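Reviewing the structure listed below.
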Amino acid sequence: MDGPEDSDDLPEQVRVRRDKRDRMLAAGVEPFPVSVPRTTSLAAVRTGWAHLAPGEETTDLVGVTGRVVYQRGTGKLAFATLQEGDGTRLQVMVSLAGVGEDALAAWKSDVDLGDLVFVHGAVISSRRGELSVLADAWRMASKALRPLPVLHRELSEETRVRQRYVDLIVRDEARVTVRARSAVVRSLRRTLEDRDFLEVETPMLQVQHGGASARPFVTHSNAFDTDLFLRIAPELFLKRCVVGGIERVFEINRNFRNEGADSTHSPEFAMLEAYEAWGDYDSIGALTKDLVQTAAQQAFGTQVVTLADGSEYDVGGEWTSIGMYPSLSESLGEEITPQTPVAQLQAVAARLGVAVDEARWTHGKLVEELWEHRIADSLHAPTFVRDFPVETSPLTRAHRSAEGVVEKWDLYVRGFELATGYSELVDPVVQRERFEEQARLASLGDDEAMRIDEDFLRAQEHAMPPSGGMGMGIDRLLMALTGLGIRETILFPLVKPR
RNA sequence: GCGCCGCUAGCUCAAUUGGCAGAGCAGCUGACUCUUAAUCAGCGGGUUCCCGGUUCGAGUCCGGGGCGGCGCACCA
């Protein structure tokens, strides 16, 4: 027992609470009982007895539990506000007349802010009209050994993220956000299942990473004595599913990308990917719109959501579509097409002051960079940006009529990219050529370029139906619908260890 | 990775030009049978992120490091 936990350099308030625990044990009172005879929730008391007039008393007995978030004591009558998981609060009253001298004294000496307590008694309304449980007995349900932060001031952002359990106790927005996220994910699953999509789980540990342009995390398998990659995308496995006849398939799971972290990027992030055989980028775009609109409706009850800054954001109705090349041309006042030479694009970039890597950037990379520089930030309302350059989209099929572009859209919402969708490339010969081009880029030092995935090509050689596919960031969908930063939409975002 | 800003009591924050380290809440002791962040009286609580330097004297100035935030770069 002489570990650091018992040393004198513990904060005073932790010492005090440990002493109380010890005192309770010495007195034969269990500070962490295996159970308490709870009969109902605080919320159920609130709704069940909402009709009580101020001062009205009932003989309805309940046993409730909750975390003590406020305490107010008078000599022979103590008040406390209990809170349960979703933030619902209820007052309890512990009086000399109700529980007797010893239990009242124990309440006053043993109960601290943050403790979980059990209170048994009648449901009444106080003279001031506060719905309450008037105790005839109480028990410690679980003793808090650390003090709660003050409830009247915001927790610092770092404490919120590092100690989310505390954040969830003290901050209503944290509780609302975690429930909103659950509701959104539930809605996505329901919408997909309603359309006969099958949910699968594909490998997170991969021998070969692929399906996106990103730097992977590398790990090692002792059993196979080989390096493995944490997946950057499930795409190539979901397409194998489509080849195998799972014609409507989706996965909601984590991707890992060994890249920068900021207010819109997290090293691990949740992603929905869905593939629809016999569809294309139009049908999958319509599905994506349905997913977002239904999620807003089911999680927030409206398609005009209220963001964290108080502004409203409308995801309802029809969404705008713009073409990447036409919108860029219009913005520049200069015709840009898939045939525009690299030198001309470089000249435009120089004129605009956009930094370019002249040695490596292809036509497609330059067009996308110029487009993002000129257009992306200005797209506030949900907007599909369609028909991308071919070189930067190695898994997407060529446009059915336009030369030099692929059937790909990006969905922009409030200035950031929420989702992307393709008419999938299913010709294994063309796919191999695309991979070989990627391999060439990798050999030139592009560590985000894809590698040739022979097993995936082999799968495609068994014939993959024409398909539409999409990927949408779950964290970003929450950001879009709430206006929060990505670290607020993820319960436990990665933070550097102290 | 680069630049700017921050780190002080359990929590949120003050501290003048380099001159005794403070407040609110929380905690402890006492009073109080209807409070609502209860109130009243009293008390305790600090490695000022870490290491080094300048100085009679450093929370404050200088150098190095850690963690965080913002901006830029990369990415979705």
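Throughout, a chain's letter reflects where its sequence line sits, starting with A, and its residues are numbered from 1. Quantities reported herein were computed from a predicted structural model and do not represent experimental measurements.
- Salt bridge annotation for A:Arg231-A:Glu251: present, with a cationic side-chain nitrogen under 4.0 angstrom from a carboxylate oxygen.
- With both ends at atom C1', the span from B:C75 to B:U17 equals 48 Å, rounded to whole Å.
- Ion pairing of A:Glu130 with A:Arg46 is present here, as a side-chain N (NZ or NE/NH1/NH2) and a carboxylate O approach within less than 4.0 Å.
- Remark: side-chain polar atoms of A:Glu259 are paired, donor with acceptor, to backbone N or O of A:Arg215 under 3.5 angstrom.
- Nucleic acid contact class of A:Phe416 (heavy atoms, under 4.0 Å, all strands): none.
- With a 3.5 Å ceiling on both atom-pair distances, the Watson-Crick or G-U wobble partner of B:C25 is B:G10.
- The separation of B:C11 from B:U48, taken at their P atoms, amounts to 15 Å, rounded to a whole angstrom.
- Distance CZ (A:Phe388) to P (B:A76): 11 Å, rounded to an integer number of Å.
- Distances were taken from every side-chain heavy atom of A:Thr74 (C-beta onward) to each of B:A26, B:C32, B:G69; the shortest belongs to B:C32.
- Under the Watson-Crick or G-U wobble criterion, with both distances below 3.5 Å, B:U39 is paired with B:A31.
- Among B:U12, B:A37, B:C34, the nucleotide with an atom closest to any side-chain atom of A:Ser126 is B:C34.
- Ring geometry for A:Tyr70 against A:His152 counts as parallel: the plane angle stays under 30°, on a 0 to 90° scale with 60° as the upper cut.
- Here A:Glu154 lies in heavy-atom contact (under 4.0 Å) with sugar-phosphate atoms only.
- Contact check, A:Arg162 against B:G68: a side-chain N or O comes under 4.0 Å of OP1 or OP2.
- Look at CD on A:Gln71: it is 15 Å from C1' on B:U39, rounded to the nearest Å.
- Distance noted for atom P between B:G6 and B:C49: 13 Å (whole Å).
- Taking atom P in both B:A26 and B:U39, the straight-line distance is 8 Å, to the nearest Å.
- Atom name C1', nucleotides B:A37 and B:U47: the rounded distance is 32 Å, in whole Å.
- Of the candidates B:G10, B:G68, B:C74, B:C74 carries the atom nearest the A:Trp361 side chain, counting heavy atoms from C-beta on.
- Both distances falling under 3.5 Å, in either a Watson-Crick or a G-U wobble arrangement, occur for no nucleotide opposite B:G59.
- The environment of CZ in A:Arg254 is sparse: at most 12 heavy-atom neighbours from other residues, nucleotides or ligands sit within 6.0 Å.
- B:U47: no Watson-Crick or G-U partner with both key distances under 3.5 Å is found in any strand.
- A:Gly55 comes within contact range of no nucleotide atom at all, as no heavy-atom separation falls under 4.0 Å.
- For A:Arg72, a side-chain nitrogen or oxygen approaches OP1 or OP2 of B:A38 to under 4.0 Å.
- Going from atom CG of A:Leu113 over to atom C1' of B:G10 covers 12 Å, rounded to whole Å.
- Taking atom CZ of A:Arg17 as the reference point, atom C1' of B:G10 lies 8 Å away to the nearest angstrom.
- Pairing of B:C70, defined by two Watson-Crick or G-U wobble distances under 3.5 Å, is identified with B:G3.
- Here A:Arg487 lies in heavy-atom contact (under 4.0 Å) with sugar-phosphate atoms only.
- For CZ of A:Arg146, the number of neighbouring non-hydrogen atoms (other residues, nucleotides, ligands) closer than 6.0 Å is 12 at most.
- Within 4.0 Å of A:Arg215, counting heavy atoms only, lies no atom of the nucleic acid at all.
- For A:Thr159, a side-chain nitrogen or oxygen approaches OP1 or OP2 of B:U12 to under 4.0 Å.
- Using a 4.0 Å heavy-atom criterion, one finds that A:Glu130 contacts the bases of the nucleic acid, with or without backbone contacts as well.
- Residue A:Ala97 is in base contact, counting any heavy-atom pair closer than 4.0 Å across all strands shown.
- When the nearest nucleotides of RNA chain B are assigned to A:Leu96 and A:Val150 by heavy-atom distance, the more 5′-ward of the two goes with A:Val150.
- Backbone-only contact: A:Ser213 has heavy atoms under 4.0 Å from sugar-phosphate atoms and none from a base.
- Remark: the separation of the P atoms in B:C20 and B:U60 is 14 Å, to the nearest Å.
- For a distance-only test at 3.5 Å, the side chain of A:His152 fails to qualify as a donor-acceptor partner of the base of B:C25.
- Of the candidate nucleotides B:U12, B:C34, B:A76, B:A76 has the atom lying nearest to any side-chain atom of A:Glu259.
- Candidate nucleotides B:C34, B:U12, B:G10 were compared by shortest atom distance to the side chain of A:Pro11, and B:G10 ranks first.
- Between A:Arg127 atom CZ and B:A38 atom C1' there is a gap of 15 Å when expressed in whole angstrom units.
- Side-chain N/O atoms of A:Ser393 and A:Arg434 include no donor and acceptor closer than 3.5 Å.
- Annotation: A:Arg160, atom CZ; neighbour count of heavy atoms from other residues, nucleotides and ligands within 6.0 Å is above 12.
- Between the C1' atoms of B:G22 and B:A14, the separation comes to 7 Å (whole Å).
- When the side-chain nitrogen and oxygen atoms of A:Thr81 are compared with OP1 and OP2 of B:U36, none of them lie within a distance under 4.0 Å.
- One can place CG of A:Leu155 at 16 Å from C1' of B:G69, the figure rounded to the nearest angstrom.
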Write down the protein N/O and nucleotide N/O pairs, taken from nucleotides 28-30 of chain B, whose separation is under 3.5 Å; answer none if there are no such pairs.
unit_1, atom_1, unit_2, atom_2, d
B:C28, OP1, A:Lys20, NZ, 2.5

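- Remark: A:Asp309 CG is packed, more than 12 non-hydrogen atoms of other residues, nucleotides or ligands lying under 6.0 Å away.
- Taking only side-chain atoms of A:Gln13, from C-beta outward, the nucleotide of B:A38, B:C75, B:A26 with the closest atom is B:A26.
- Taking a cutoff of 4.0 Å between a charged side-chain nitrogen and a carboxylate oxygen, A:Asp282 and A:Arg386 qualify as a salt bridge.
- Along RNA chain B, the nucleotide closest to A:Pro267 and the one closest to A:Met93 are compared, and the more 5′ of them pairs with A:Met93.
- Taking the centre and axis of the six-membered ring of A:Phe269, the NZ or CZ atom of A:Arg476 falls outside the cone set by 45° and 6.0 Å.
- Distance, A:Glu273 CD to B:A76 C1': 11 Å, rounded to whole Å.
- If you measure from atom CD of A:Glu158 to atom C1' of B:U8, you get 15 Å, rounded to the nearest angstrom.
- Comparing B:C25 with B:C43, their P atoms are spaced 15 Å from each other, to the whole Å.
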